[in-house]
There are 2 protein chains.
Amino acid sequence: MTSEAEMAAEEGYIYSPPTFPSTPCSIHLGVQAGSMRRGSDVLSTSGGRMRERGRNRSWLLSSIITVNVLILGIALVSGSVFNNIKINAIDLQIFLIVLVILTTAWMLYYTIYTSREDHAVLYKDSHAGPVWLRGGLVLFGICSLIMDVFKIANYVGYLHCDSAVKIVFPAVQSVFILVQTYFLWLHAKDCVQLQRNITRCGLMLTLSTNLMLWMAAVTEESIHQTVVPPEEGNSTHSYDIRAPGGYSSCNCSHSACAILEKAYYYLYPFNIEYSLFASAMAYVMWKNVGRLVDEHNHHSLHFHLKDVLVGPVVGLVMLVAGLGTFVIYKVDVEKGDPGKRDTALMIHYVMNTVAVTLMSVSTVAGCAIYRLDQRDHVSGKNPTRSLDVGLLIGASIGQFTICYFTIVAVVGTGALGHLNALNLAVSLLTVIQLCLQNIFIIEGLHREPFHEDMHRASVFTNPYVLQAQAHRDIHNLPGTFMETKLSPALTVHSMHVAPSGSPLPQRHRLTWKRRALKEICAFLLLCNILLWIMPAFGARPQFDNTIGAEFYEFTMWVTVVNIGLPFGIFYRMHSVASLFEVFLTS
Amino acid sequence: MTSEAEMAAEEGYIYSPPTFPSTPCSIHLGVQAGSMRRGSDVLSTSGGRMRERGRNRSWLLSSIITVNVLILGIALVSGSVFNNIKINAIDLQIFLIVLVILTTAWMLYYTIYTSREDHAVLYKDSHAGPVWLRGGLVLFGICSLIMDVFKIANYVGYLHCDSAVKIVFPAVQSVFILVQTYFLWLHAKDCVQLQRNITRCGLMLTLSTNLMLWMAAVTEESIHQTVVPPEEGNSTHSYDIRAPGGYSSCNCSHSACAILEKAYYYLYPFNIEYSLFASAMAYVMWKNVGRLVDEHNHHSLHFHLKDVLVGPVVGLVMLVAGLGTFVIYKVDVEKGDPGKRDTALMIHYVMNTVAVTLMSVSTVAGCAIYRLDQRDHVSGKNPTRSLDVGLLIGASIGQFTICYFTIVAVVGTGALGHLNALNLAVSLLTVIQLCLQNIFIIEGLHREPFHEDMHRASVFTNPYVLQAQAHRDIHNLPGTFMETKLSPALTVHSMHVAPSGSPLPQRHRLTWKRRALKEICAFLLLCNILLWIMPAFGARPQFDNTIGAEFYEFTMWVTVVNIGLPFGIFYRMHSVASLFEVFLTS
């Protein structure tokens with residue numbers, strides 16, 4: 001119809017002769033848009049408007065798709081958890097299978113289409129899909145694949161008396177994970193210009209599917225954990241989503257079932273993390289559709305560790321000590337002895353208190369140095385940076401939630417005993433640390449990077465630029481700026497910062513401010529790795545300390561922790577990457 | 001400290017002599033920013049950067065405040081609902097009292113400060129705080145005040161045996177509602193330029209407080225409704241948030257308690273709506289802080305009803321018929337007879353099905369006319385429009401949720417009987433109608449308005465502009481555009497559209513496309529008013545039809561409906577306002 005012709009014309013594939021009397025204007029403009037795509041960056045006004053309208057329309061359409069898929073999914077998940085009629089687990093799985101197949105088909109289509117077209121992807125966003133995100137995706141994808149294999153093997157044992165859909169779902173999901181990991185690995189940086197409407201909808205479908213898988217996994221994990229504690233006897237819910245067998249008389253036909261079931265529940269957290277990573281990457285790709293990136297402001301910053309010493313050393317000490325206490329904690333908690341468990345928890349809390357306190361203090365110092373070493377903020381729009389900031393604040397909400405729920409529970413019960421006092425202290429300090437770290441990272445990401453190499457290079461080629469160069473340095477370092485007229489003292493200072501008169505490219509020492517910032521970043525980075533490793537590899541003090549489960553109902557507490565903790569893990573990984581960037585630019 | 005000096009300098013109040021060696025640059029720039037504020041619209045680069053940095057910093061700070069307040073609030077609310085220890089209701093109320101007092105103090109400070117300063121508010125956003133929003137705020141504010149008075153009178157009866165905090169909270173809340181309604185009525189359009197950091201934080205505090213009050217009210221209402229049905233015997237929760245007395249032996253000392261308690265629970269939905277309205281307005285104000293508005297693109301569009309006939313008439317018929325069935329429904333449901341209730345429900349569903357079907361069909365027709373009558377999209381950034389679109393989609397999620405939950409419940413139970421079939425039909429059609437209406441409104445808001453008056457006026461003053469004018473008209477109506485060269489037939493057509501040769505400003509007839517669009521808008525507007533009135537004045541088919549409560553657990557269903565329905569009501573009001581705007585511009 002009209003819309004297809006218009007869309008095709010907008011994409012610049014066909015030159016339709018003006019035989020459609022209703023939309024000659026759009027075809028005319030469509031050709032403009034097509035020619036524009038093939039080179040020049042100058043947008044003609046009418047082409048820009050057309051592009052704008054297409055953007056609005058597909059933005060709206062893809063948003064509506066997402067809203068509908070997600071809300072229908074939430075209703076199905078809620079129905080499968082809360083209903084009294086026990087029919088929805090299979091419905092939910094069929095819904096997920098349909099979603100997964102549709103998404104896989106679109107990703108394959110996109111990959112094939114892009115590889116066939118010569119100039120399908122003209123622009124790449126160098127900030128999107130950084131290596132830690134893609135690496136994490138592959139790692140968690142492998143774990144998810146193993147989980148799916150275990151699931152299939154497990155459900156094969158129940159095949160004689162349970163629905164076959166339960167085998168189909170992990171099988172389809174494993175294909176989906178393979179395709180998606182390949183797709184995101186290759187295309188995470190793409191700024192799609194062709195078939196923008198379809199691509200926007202496809203990416204939003206990918207996002208919805210991953211969020212739905214995440215939601216289903218969180219629910220399943222929560223229900224699984226709710227069954228575990230023997231003191232909770234509220235078995236009024238129907239748990240047939242959990243595992244075949246549930247309360248029915250269906251028994252496994254081979255002997256490995258019990259082991260397999262235990263094994264794949266250990267792999268659930270990785271699958272949850274995988275869905276979060278894929279969602280974040282799909283969202284970034286969606287934001288980048290139709291974006292024309294200017295590549296020129298991408299500085300190559302080099303990584304040197306030799307200027308910093310104290311931060312990495314203290315950080316490494318913390319990391320080793322933390323891993324030591326973590327091992328003790330895991331071993332002692334596994335034994336199941338309540339006395340041992342309390343000691344292990346106490347050690348864990350003390351370690352966390354020390355780490356978080358040191359991190360807060362150093363972050364405050366870092367913020368103070370920002371005040372002293374004032375720099376311009378990076379100007380210009382940068383969607384990836386805005387998104388980074390949004391993801392950082394958004395992911396920190398998970399950790400905030402767990403902390404505040406703990407605080408309310410401990411204060412509500414009166415905070416008796418050392419263990420509760422320590423728990424309260426850790427939670428309060430973590431809240432403070434999160435606020436400070438967010439401020440530190442976001443402020444750091446917005447500061448103009450230090451252009452050391454550029455300055456030196458330009459002065460080398462032309463010694464006469466020295467005067468102008470010195471003048472510019474002052475502007476870049478407002479802390480040394482007194483008045484508009486250049487005083488001799490200032491010139492000397494600026495010479496010290498950029499000693500461009502020396503004939504050899506001798507590496508000068510960093511100013512104390514830059515060095516201190518780098519030390520702080522390195523220390524925070526290592527501490528964040530520690531705080532990432534502990535929950536990622538199974539530390540669950542929230543469940544080992546029973547106060548949360550006692551204060552709230554157990555279901556409520558499990559839900560809060562299971563939703564909050566994966567975001568907390570994501571937050572720590574994201575912080576590590578952002579701190580590394582701040583380390584490079586400061 | 002440094003930050004205060006810098007902030008004050010940035011605001012342009014003081015000219016500090018350069019005695020602070022650490023931030024002389026910021027003071028220098030601060031004066032620039034100050035002088036800039038007093039007139040010119042040209043931003044100097046350094047001033048812009050400074051402004052940018054201040055913006056980022058206070059944006060971050062206010063976001064962090066909101067996140068912390070809200071998450072602590074969620075933890076307290078969850079604690080008061082789910083805990084087994086029964087202490088948190090008072091804690092939650094104390095937290096709310098502190099929040100409310102802080103917010104009231106800030107709003108008073110802002111109002112007094114702004115009235116004292118001569119040029120405190122230089123710019124006003126004409127799109128912000130439209131009259132329907134402010135009118136709704138006052139209306140719901142009055143209802144909330146009455147609710148608070150009832151609450152106080154009720155709790156006075158329990159004073160001899162219950163906490164005094166329960167009286168303090170409604171008393172403080174009523175002062176807050178008075179101050180806030182006055183504040184938002186006066187200042188909703190402000191684009192604050194002075195004390196931007198404090199104002200951002202204050203507005204975010206206002207937003208958090210309103211969201212917290214909303215959350216507390218929704219929880220209280222849900223718990224209240226959970227107690228009502230006698231068939232649900234799960235009284236394991238502690239309901240001491242609900243009302244004094246609960247399960248304790250504390251009895252009311254005066255006889256009006258029962259009536260008062262019943263009366264104020266009828267007023268809860270208005271209070272919930274009030275908090276949503278105030279949140280939306282506070283958010284718009286927060287977005288407008290520091291914005292420099294260009295007033296010139298505000299067209300005065302006039303409202304004429306004489307060109308349209310069919311739409312308003314059919315709409316009025318629908319409205320009257322709908323209100324009739326609504327009255328029958330209310331009367332029959334109140335009687336409590338199951339047979340009568342089912343008939344009433346059936347009439348209600350049929351009425352809704354007809355309304356929603358007609359709306360969907362006319363919306364599809366409207367979208368088709370958009371395709372035929374292509375216009376340019378409004379160019380340029382408009383934060384209020386983006387926000388309108390966001391609020392529209394966001395508020396529709398409430399209605400979507402209820403519909404999808406109903407669909408899953410009906411399909412899950414097998415959809416037996418006429419009543420269930422109708423329920424399913426209404427829900428499905430409502431989902432379709434919501435999608436279509438969102439597309440129609442958003443597309444309509446983005447289209448360039450029809451500049452009829454402007455054209456005529458310019459031609460009147462100078463007859464020689466005729467040629468250029470005719471040419472321009474063609475560009476504004478791409479449906480009549482054939483080629484770049486002007487053909488005689490086209491000139492005649494454009495003369496017909498703008499008959500500027502006639503000596504009197506004779507009103508020409510609308511083209512059929514514009515007229516059809518206006519008819520559709522008028523019809524949709526009246527139907528949305530109908531769909532607003534029914535839930536706003538107490539139609540609760542979600543509870544009268546027991547399928548939802550039976551399929552999900554009752555608590556779950558009550559929560560879904562109580563969160564979704566206020567958003568649904570907000571959505572219908574917002575749609576009415578947006579459709580009125582589309583009516584004017586098309």
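Order of the sequence lines sets the chain letters (A, B, ...), proteins ahead of strands, with each chain counted from 1.
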remark   = d(Ser78(A) OG, Phe405(B) CZ) to nearest 0.5 Å is 3.5 Å
request  = Quick one: closest heavy-atom pair of Leu60(B) and Ile442(A), and the distance?
outcome  = CD1-CD1, 3.3 Å
task = Please name all residues satisfying side chain to side chain contact (heavy atoms under 4.5 Å, CB included) with Tyr370(B), sequence neighbours left out, ordered by chain then number.
result = Phe440(B), Glu443(B), Arg447(B), Leu517(B), Val582(B)
request  = Taking the side chain as every heavy atom from C-beta outward, state whether Phe400(B) and Ile74(A) have any atom pair closer than 4.5 Å.
outcome  = no
message = With a 4.5 angstrom heavy-atom cut-off, is it the side chain or the backbone of Ile393(B) that approaches chain A, or both, or neither?
response = side chain
message = Report which part of Ile64(B) has an atom under 4.5 Å of a heavy atom belonging to chain A: side chain, backbone, both, or neither.
response = side chain
key: Interface moiety of Val431(B) toward chain A, non-hydrogen atoms closer than 4.5 Å   = side chain
note = Rounded to the nearest 0.5 angstrom, the SG-CG distance for Cys403(A) and Leu72(B) is 11.5 Å
inquiry  = Show me the pairs that pass side chain to side chain donor-acceptor pair (under 3.5 Å) and involve residues 401-410 of chain A, at least two apart or across chains.
reply    = Tyr404(A)-Asn68(B)
ask   = Heavy-atom distance under 4.5 Å between the side chains of Asp91(A) and Val408(B), does that happen here?
value = no
